[in-house]
Undergrad: 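The structure is given below, and queries will be raised subsequently.
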Amino acid sequence: MDKVTLDDNLFIEYFRFKNGKSEDHDLIYKLLSNLKMPFVKAPCQAFRCFQKLNTEENDEYNLHDLFSPALMSSFLSGGYPQKTIEELAKDSKYKLILTADSSKDSYPYLNINNPNIELNYSKTCQASVDRADLIEHLKSLCENADKVTICDSFFFSDWNVQGALTTEKLFDDILPKKILTIEFVGYGTKTRQRKPYIEGKHVEWTMEGYQGERYSLNSNHDRYFIIHKPNSTIEVILSSGFIYLWKNTKEITCVLRAI
């Protein structure tokens with residue numbers, strides 16, 4: 001099923017880009033950065049855009065280079081009803097219309113110029129599914145880190161239980177053995193008590209409390225693992241506690257964002 005719909009201007013620009021005729025590189029970058037393929041390619045929209053370009057003055061493009069005769073013929077054959085862009089959006093999986101029009105920034109429109117709109121990668125492990133691949137991915141992301149931030153109210157649960165599977169494995173399996181600052185959001189007494197033990201795992205590790213404002217145990221529902229590198233930062237949002245990176249009795253989804 002097609003994922004989203006493009007408004008007419010983005011529809012035209014996409015086909016210009018596809019045929020090597022787009023000159024608005026910034027617009028194409030934003031479009032491709034926010035586009036989930038495939039998108040709705042309705043003959044009625046293609047014909048509407050064809051007519052629009054055909055009536056524009058000084059149009060430099062060969063219209064048949066953008067919209068093939070076969071696509072035009074399919075519409076003219078009468079087999080496709082005319083639909084508005086909003087009606088086409090209802091035929092898409094996400095019921096959304098991508099646009100760059102500054103006057104359209106509410107549902108069903110999704111404005112690609114809005115800095116709060118982004119596509120992210122995510123990975124889900126269902127219950128009973130092995131998480132080795134996910135752990136290896138997080139380990140790779142941490143290789144060049146100089147600081148990590150951990151936000152999870154229950155991170156140290158069961159650390160005092162003999163033989164229990166705990167989040168200690170984060171330090172053993174994922175974090176690099178190099179100069180690294182390990183921050184905890186919510187640096188209370190119980191967390192500070194773990195400082196000598198955690199720093200004792202590697203001589204170049206330093207554990208401290210998080211001093212920023214973005215993350216809070218009181219206002220954040222999800223768990224966060226922020227990987228700070230010299231030239232970039234990756235935020236990993238965990239749908240379940242850190243322990244479920246290893247404990248497979250519950251599903252876990254990790255969403256990766258560049259921030």
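Just so it is clear, the structure is predicted and the values come from calculations on it, not from any experiment. In what follows, every heavy atom counts, from backbone to side chain, and hydrogens, waters and symmetry copies are set aside.
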Undergrad: Tell me whether the centres of the aromatic rings in Phe156 and Phe184 are closer together than 6.0 Å.
TA: yes
Undergrad: I'd like to know if Asp8 and Arg48 make a salt bridge, using a cut-off of under 4.0 Å between side-chain N and carboxylate O.
TA: yes
Undergrad: To the nearest 0.5 Å, what is the distance between OG1 on Thr249 and OH on Tyr244?
TA: 4.5 Å
Undergrad: Check whether Ile198 and Ile174 end up in the same hydrophobic cluster, where Ile, Leu, Val, Met, Phe, Trp and Tyr are linked by side-chain heavy atoms less than 4.5 Å apart.
TA: yes
Undergrad: Mind checking the CD1-OG spacing from Ile237 to Ser122? Nearest 0.5 Å is all I need.
TA: 10.0 Å
Undergrad: Would you say Asp158's side chain and Val161's backbone share a donor-acceptor pair under 3.5 angstrom?
TA: no
Undergrad: Give a yes or no on whether a salt bridge exists between Glu118 and Arg257, defined as a side-chain N under 4.0 angstrom from a carboxylate O.
TA: yes
Undergrad: Is it true that Lys201 and Asp172 have a side-chain N and a carboxylate O under 4.0 angstrom from each other?
TA: yes
Undergrad: Could you walk me through whether Leu180 and Asp146 satisfy the side-chain contact (heavy atoms from CB on, under 4.5 Å) test, starting with their C-alpha distance in whole Å, then the side-chain angles of each, then the deciding distance to 0.1 Å, before giving a yes or no?
TA: CA-CA 5 Å; Leu180 184 70; Asp146 50 31; 5.5 Å; no
Undergrad: Can you name the closest pair of heavy atoms from Asp152 and Arg223 and give their distance?
TA: CG-CG, 3.4 Å
Undergrad: Restricting to non-hydrogen atoms, name the atom on Ile97 and the atom on Ile85 that form the minimum distance, rounded to 0.1 Å.
TA: CD1-O, 3.7 Å
Undergrad: Please determine whether residues Met207 and Tyr210 belong to a single hydrophobic cluster, defined as Ile, Leu, Val, Met, Phe, Trp and Tyr linked transitively by side-chain heavy-atom distances below 4.5 Å.
TA: no
Undergrad: Considering non-hydrogen atoms only, spot the tightest contact between Thr166 and Ser157 and give its length.
TA: CG2-O, 4.3 Å
Undergrad: Would you say that Ile150 contacts Val185 through its side chain, given a criterion of any heavy-atom pair below 4.5 Å between the two side chains?
TA: no
Undergrad: If you group Ile, Leu, Val, Met, Phe, Trp and Tyr by side-chain heavy-atom gaps below 4.5 Å, do Tyr121 and Val4 land in one group?
TA: no
Undergrad: Between the side chains of Asp101 and Thr99, does any donor sit under 3.5 Å from an acceptor?
TA: no
Undergrad: For Asn34 and Leu98, indicate whether the former's side chain and the latter's backbone hold a donor-acceptor pair under 3.5 Å.
TA: no
Undergrad: Determine yes or no for a side-chain-to-main-chain donor-acceptor pair under 3.5 angstrom, with Thr84 supplying the side chain and Glu87 the backbone.
TA: yes
Undergrad: Is there a donor-acceptor contact under 3.5 Å linking the side chains of Tyr187 and Gln211?
TA: no
Undergrad: Taking atom OG1 of Thr149 and atom NZ of Lys147, what is their separation to the nearest 0.5 Å?
TA: 5.5 Å
Undergrad: Evaluate the side-chain contact (heavy atoms from CB on, under 4.5 Å) criterion for residues Val236 and Leu238: first the C-alpha distance (whole Å), next the side-chain angles of each, then the deciding distance (0.1 Å), finally the verdict.
TA: CA-CA 6 Å; Val236 183; Leu238 295 86; 4.1 Å; yes
Undergrad: Does Lys90, at its NZ atom, have more than 12 non-hydrogen atoms belonging to other residues, nucleotides or ligands within less than 6.0 Å?
TA: no
Undergrad: Looking at the rings of Phe242 and Phe225, which for Trp means the six-membered one, are their centres under 6.0 Å apart?
TA: yes
Undergrad: Is there a chain of hydrophobic side chains (I, L, V, M, F, W, Y, each step under 4.5 Å between heavy atoms) that links Phe171 to Leu165?
TA: yes
Undergrad: Between CG of Leu119 and CG of Leu32, what distance do you get to the nearest 0.5 Å?
TA: 10.5 Å
Undergrad: State the CG-CG distance between Leu138 and Asp173, to the nearest 0.5 angstrom.
TA: 11.0 Å
Undergrad: For Trp205 and Thr181, test the side chains for any donor-to-acceptor distance below 3.5 angstrom and give the result as yes or no.
TA: no
Undergrad: Would you say NZ of Lys177 has more than 12 non-hydrogen atoms from neighbouring residues, nucleotides or ligands within 6.0 angstrom?
TA: yes
Undergrad: Quick one: does Ile259's side chain get under 4.5 Å of Ile234's, heavy atoms only?
TA: no
Undergrad: Assess whether salt bridge (Lys or Arg N to Asp or Glu O under 4.0 Å) is satisfied between Arg214 and Glu235, documenting all intermediate values.
TA: CA-CA 12 Å; Arg214 167 68 178 85; Glu235 178 189 71; 3.6 Å; yes
Undergrad: Please find the pair of heavy atoms, one from Cys125 and one from Arg131, that lie closest to each other, and give the distance.
TA: O-NH2, 3.3 Å
Undergrad: Look at atom NZ of Lys139 and say whether more than 12 heavy atoms of other residues, nucleotides or ligands are closer to it than 6.0 Å.
TA: no
Undergrad: Taking Glu251 for its side chain and Thr124 for its backbone only, find out whether a donor-acceptor pair lies under 3.5 Å.
TA: no
Undergrad: Any side-chain heavy atom of Phe17 sitting closer than 4.5 Å to one from Asp24?
TA: no
Undergrad: Check the surroundings of atom NZ in Lys3: do more than 12 heavy atoms from other residues, nucleotides or ligands lie under 6.0 Å from it?
TA: yes
Undergrad: For Glu13, is there an ion pair with Lys21 - N to carboxylate O distance below 4.0 angstrom?
TA: no
Undergrad: If you define the side chain from C-beta out and look only at heavy atoms, does anything of Leu175 sit under 4.5 Å from Ile182?
TA: yes
Undergrad: Are any non-hydrogen side-chain atoms of Leu31 and Tyr14 less than 4.5 angstrom apart?
TA: yes
Undergrad: Mind listing the closest non-hydrogen atom pair of Leu245 and Ile135 along with its distance?
TA: O-CD1, 3.3 Å
Undergrad: Any salt bridge between Lys83 and Asp91, counting N to O under 4.0 Å?
TA: yes
Undergrad: Using atom types as modelled and distance alone, determine if a side-chain donor or acceptor of Lys178 lies under 3.5 Å from a backbone N or O of Ala145.
TA: yes
Undergrad: Have Asn9 and Lys52 got a donor and an acceptor in their side chains that come within less than 3.5 Å?
TA: yes
Undergrad: Indicate whether any N or O donor in one side chain lies under 3.5 Å from an N or O acceptor in the other, for Lys30 and Asn113.
TA: yes
Undergrad: Mind checking whether Ile117 and Ile28 sit in one hydrophobic cluster, side chains of I, L, V, M, F, W, Y counted as touching below 4.5 Å?
TA: yes
Undergrad: Got a second to check how far Cys151's SG is from Glu183's CD, nearest 0.5 Å?
TA: 11.5 Å
Undergrad: Can you name the closest pair of heavy atoms from Leu256 and Leu141 and give their distance?
TA: CD2-CD1, 3.7 Å
Undergrad: Keeping the roles fixed (side chain from Thr167, backbone from Phe155), state whether a donor-acceptor pair exists under 3.5 Å.
TA: yes
Undergrad: Within the distance-only criterion (no hydrogens, no angle test), does the side chain of Ser140 pair as donor or acceptor with the backbone N or O of His137 below 3.5 angstrom?
TA: no
Undergrad: Which is it for Thr233 and Ile226 under the side-chain contact (heavy atoms from CB on, under 4.5 Å) test, yes or no, and what are the steps along the way?
TA: CA-CA 7 Å; Thr233 301; Ile226 303 90; 3.5 Å; yes
